[in-house]
Amino acid sequence: MTYSLTTPLYYVNAKPHLGSVYTTLACDALARFQRLEGQDVVFITGVDEHGQKIQRTAETQNISPIDHCDRISALYSDLWTRWHISNDRFVRTTSPRHLPLVQAFFQRCEAAGHIRTGHQEGWYCVDCEEFKDDPADAKAPDCPIHRKPLEWRDEENLFFCLSQFQERIETLIADPQFIAPASRRREIENFVAGGLRDFSISRVNVSWGLPVPGHPGHTFYVWFDALLGYLTALLDDGGAVDLDRLADIGWPADVHVIGKDILRFHAVYWPAMLMSAGLPVPKRVFGHGFLTREGQKMGKALGNVLDPEILLERCGTDAVRWYLLRDIQFGEDGDFQQQRFMDLVNNDLANTIGNLLNRTASMSRKWFEASLPPVSPDVRSEHPLKQPTEQTIERVRQSIPALAFQDAAEAVLQLAIEANGYLNEQAPWSLMKQPGHEEKVGDDLYAVLECCRVIGLLLQPLVPGLSSRILAQLDQRPSDDGWTQALRWGQLEPGVGLPKPEPVMQRLELESPL
RNA sequence: GUCAGAGUAGCUCAGCUGGUUAGAGCACAGGAUUCAUAACCCUGAGGUCGAGAGUUCAAGUCUCUCCUCUGACACCA
């Protein structure tokens, strides 16, 4: 089965920010999970590169738009490499394959009678790429968002007849599965209930865009061409750019993961476009929340932007992934707090999980010839820690497909806490001082190490680096295709040598603000 | 302005269809322990559940009013 998922195609107006990293990390966790579950995953990310805004940004730097796009796009793809993002595709809307796809798609919409010409005039903000509601006789109005002067536009555009899709879109979004989280669905419902209006899909005075076939002088409006990037990405499998192939290679997408700000484009405009072109709509659109920092909106104005580069260098991927996925309910807004970041990484990862493994492996090596203990036969099928372990596995496998990363992370952590508690109750270090308890000690250490092994496996999608370090400590490797099998209790081989324990997670010591 | 959502321990939040002394994590205090990354385990302190009124035998949980915050409101990747 193909499982396809997408991040937004990030707009290359500026270098990547933490928000993009957040979305991409979440998708990466989901993609890794689905692969482990045996799905044939196509994980798509990429960049959106057209539009007047980019044209102007390039102009101010005295470079050509494509040079600018090349530069920023490279920043994105490099960043994903360094964060070890497991994307299968990286699509650029300036790629030569994209144009024919957009044109073919447009022609389908046009042939279906959903394209018309229309006149549009008003005050326009280039940074927003949208018309504002300021009255026509306003004098030199500014954009409230960008605080820049609006420009008067009076042009002939092509329109997509969204109004014809009112009922079909209402039906679509009425499906509780389609928009997630549920809290955002009502917003879209309200919006749709207000009546859908046609929207313009071309511009006449923007050269940095894809030409509309049969309409000289028109280029596609960025949104129209950007969304289609998902299809281009999917078709970029070595085969032809042919809309008819989509059904065979993973369309419709299982989920589009996006920020809440662009939910409407994905939940309303995009499905309508697809319907017009006779293609199926995505199965689900998930709009996650935004990140603030120490309670404040991140922004250039405040100078409090968290740079992903710095985060990566100073903290590493595992720490950041864990913090973002574990502490923020995916879907809700979240606040990045440096102290809490350190507290959670150190407590959860270094102390609770890392130290559990470290102390247990040390004991095992110390008392059982640098190896896993020999065990009584029934431990591999029955032990007090077996059931909690199986419940944890179940919870993780339920949570991640629902993008409830926080629940998954907490479940794993809970297992480590239970195992730590169990060790303290049994106190093998005391038992070892009395003769005749070696077997009991061996059994318990084995069981706790089994918990560690499962923890390592379950952590694979969330924090892959840490996961492989945990598994290596147990002389195991990350799972490729045998995950379900590996998740069964009792897979560690008694008596096998254990490597010398090394801390699997360094504590985070951040002296200065990030 | 209209609509939606939220206001619960210092912080971040959980509390389903109303029902014993309001929960968790972090932070804080004390204890226990020594296998371990000054880690682990246990205990404790800490809340008039935004304000006011009402319904009810009983309200954080329902109704109304008010205050505060957030989001959406037609094309802000």
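Hydrogens, waters and symmetry mates play no part in the numbers below; they use all other heavy atoms, side chains included. Every chain is numbered from 1, with letters handed out A, B, ... down the list of sequences.
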Inset, instruction - Could you name each residue pair satisfying side chain to side chain donor-acceptor pair (under 3.5 Å) that touches residues 405-418 of chain A, not counting sequence neighbours? - result: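 Qualifying pairs, neighbours excluded: none.
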Inset, instruction - Give the rounded distance in Å between these two atoms: CE of A:Met363 and P of B:C40. - result: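 Going from A:Met363 (CE) to B:C40 (P), I get 14 Å.
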Is there a donor-acceptor pair closer than 3.5 Å between any side-chain N or O of [X] and the backbone N or O of [Y]?
X	Y	result
A:Ser276	A:Leu274	no
A:His98	A:Asp225	yes
A:Glu450	A:Leu492	yes

Inset, instruction - Tell me which residues in residues 5-21 of chain A put a heavy atom below 4.0 Å from RNA chain B, sorted by number, or none. - result: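 Listed by number, they are A:Leu9, A:Tyr10, A:Tyr11.
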Inset, instruction - Specify the residues of residues 437-448 of chain A, ordered by number, for which at least one heavy atom lies under 4.0 angstrom from an atom of RNA chain B. - result: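 Nucleic-acid contacts, sorted: none.
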Who pairs with [X] by side chain to side chain contact (heavy atoms under 4.5 Å, CB included), at least two apart in sequence or on another chain?
X	answer
A:Ser430	A:Ala427
A:Arg507	A:Asn346, A:Ala350, A:Asn351, A:Glu509
A:Glu332	A:Ser183, A:Gln329

For [N] versus [M], give the span between their [atom1] atoms, rounded off to a whole number of Å.
N	M	atom1	value
B:A22	B:A4	C1'	28 Å
B:A59	B:G18	C1'	6 Å
B:C49	B:G23	C1'	12 Å
B:U68	B:A27	P	36 Å

Legend entry - Stacked pair A:Phe199-B:C75, distance under 5.5 Å, angle under 30°: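 A:Phe199 vs B:C75: stacking no.
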Inset, instruction - Please check if any side-chain donor atom of A:Tyr10 sits under 3.5 Å from a side-chain acceptor atom of A:Thr24, or the reverse. - result: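 Checked: A:Tyr10/A:Thr24 side chains pair up, N/O donor to acceptor below 3.5 Å.
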Inset, instruction - In sequence, state the C-alpha distance, the side-chain angles, and the governing distance for A:Ile44 and A:Phe90, and then conclude on side-chain contact (heavy atoms from CB on, under 4.5 Å). - result: CA-CA 6 Å; A:Ile44 292 167; A:Phe90 183 90; over 6 Å; no
Quick one: side chains of residues 334-342 of chain A, donor-acceptor pairs under 3.5 Å with protein atoms, not counting sequence neighbours, listed by atom name and distance.
unit_1, atom_1, unit_2, atom_2, d
A:Asp335, OD1, A:Thr292, OG1, 2.7
A:Asp335, OD1, A:Arg293, N, 3.4
A:Asp335, OD1, A:Glu294, N, 3.1
A:Asp335, OD1, A:Gly295, N, 2.7
A:Asp335, OD2, A:Gly295, N, 2.9
A:Asp335, OD2, A:Gln337, NE2, 3.4
A:Gln338, OE1, A:Leu514, N, 3.0
A:Gln338, NE2, A:Ser512, O, 3.1
A:Gln339, NE2, A:Asp343, OD1, 3.2
A:Arg340, NE, A:Asp327, OD1, 3.2
A:Arg340, NE, A:Asp327, OD2, 2.7
A:Arg340, NH2, A:Asp327, OD1, 2.8

Under 4.0 angstrom, heavy atoms only, what part of the nucleic acid is [X] near: base, sugar-phosphate, or nothing?
X	value
A:Val222	base
A:Met432	nothing
A:Gln506	nothing

Legend entry - 5' precedence on RNA chain B between A:Arg197 and A:Arg184 (nearest-nucleotide basis):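 It is A:Arg184, whose closest nucleotide lies nearer the 5' terminus.
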Inset, instruction - Return the 5'-most residue of the pair A:Lys297, A:Trp223 with respect to RNA chain B, ranking by each residue's nearest nucleotide. - result: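 Nearest-nucleotide comparison on RNA chain B picks A:Lys297.
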Legend entry - Option among A:Phe199, A:Trp223, A:Tyr230, A:Trp270 that satisfies the ring-ring contact (aromatic ring centres under 6.0 Å, His included) test with A:Phe265: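 Of the listed options, the one satisfying the test is A:Trp223.
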Legend entry - Member of A:Tyr269, A:Phe106, A:Phe165 meeting the ring-ring contact (aromatic ring centres under 6.0 Å, His included) criterion with A:Phe160: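 The ring-ring contact (aromatic ring centres under 6.0 Å, His included) with A:Phe160 is passed solely by A:Phe165 among A:Tyr269, A:Phe106, A:Phe165.
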Inset, instruction - Check if the side chain of A:Asn351 and the base of B:A39 share a donor-acceptor pair of N or O atoms closer than 3.5 Å. - result: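 Under the 3.5 Å cut-off, the side chain and the base do not form any donor-acceptor pair.
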Legend entry - Base versus backbone protein contacts along nucleotides 1-10 of chain B [heavy-atom cut-off under 4.0 Å; B, S, -]: --SSS-----
Inset, instruction - Count the heavy atoms belonging to other residues, nucleotides or ligands that lie under 6.0 Å from CD of A:Glu167, then report whether that count exceeds 12. - result: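 Atom CD in A:Glu167 is not packed in, count stays at 12 or less.
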Polar atom pairs (N or O), protein with nucleotides 23-26 of chain B, under 3.5 Å:
unit_1, atom_1, unit_2, atom_2, d
B:G25, N2, A:Arg340, NH1, 3.4
B:C26, O3', A:Asn347, ND2, 3.1
B:C26, O2', A:Asp343, OD2, 3.1

Inset, instruction - Could you tell me whether the phosphate oxygens of B:A36, OP1 or OP2, come under 4.0 Å of any side-chain nitrogen or oxygen in A:Lys366? - result: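 Answer yes for this pair, as a side-chain N or O of A:Lys366 is under 4.0 Å from OP1 or OP2.
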Inset, instruction - Any pair with a residue in residues 402-453 of chain A that passes ring-ring contact (aromatic ring centres under 6.0 Å, His included), sequence neighbours left out, goes on the list, sorted by first then second residue, please. - result: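 Passing the test, one end in residues 402-453 of chain A: A:Phe330-A:Phe405, A:His383-A:Tyr422.
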Closest to side chain of [X], choosing from [options]:
X	options	result
A:Asn420	B:A77, B:G71, B:C40	B:C40
A:Asn358	B:A74, B:A36, B:U34	B:A36
A:Arg507	B:U37, B:A36, B:C11	B:U37

Legend entry - salt bridge (charged side-chain N to carboxylate O under 4.0 Å, His left out) involving A:Lys297 - partner list, sequence neighbours excluded: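 If we apply the salt bridge (charged side-chain N to carboxylate O under 4.0 Å, His left out) test to A:Lys297, skipping adjacent residues, there are no hits.
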Legend entry - A:Phe290 six-ring centre to A:Lys260 NZ/CZ under 6.0 Å and within 45° of normal: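 Because its charged atom sits under 6.0 Å from the ring centre and within 45° of the axis, A:Lys260 does stack over A:Phe290.
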Inset, instruction - Using a strict cut-off of less than 4.0 Å between a Lys/Arg side-chain nitrogen and an Asp/Glu carboxylate oxygen, indicate whether A:Arg284 and A:Asp254 qualify as a salt bridge. - result: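 Looking at A:Asp254 together with A:Arg284, the answer is no, because their closest N to O distance does not fall below 4.0 Å.
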Legend entry - All stems with RNA chain B, defined as three or more consecutive Watson-Crick or G-U pairs under 3.5 Å: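 If one scans RNA chain B for consecutive Watson-Crick or G-U pairs, the stems found are B:1-7 with B:67-73, B:10-13 with B:23-26, B:28-31 with B:41-44, B:50-54 with B:62-66.
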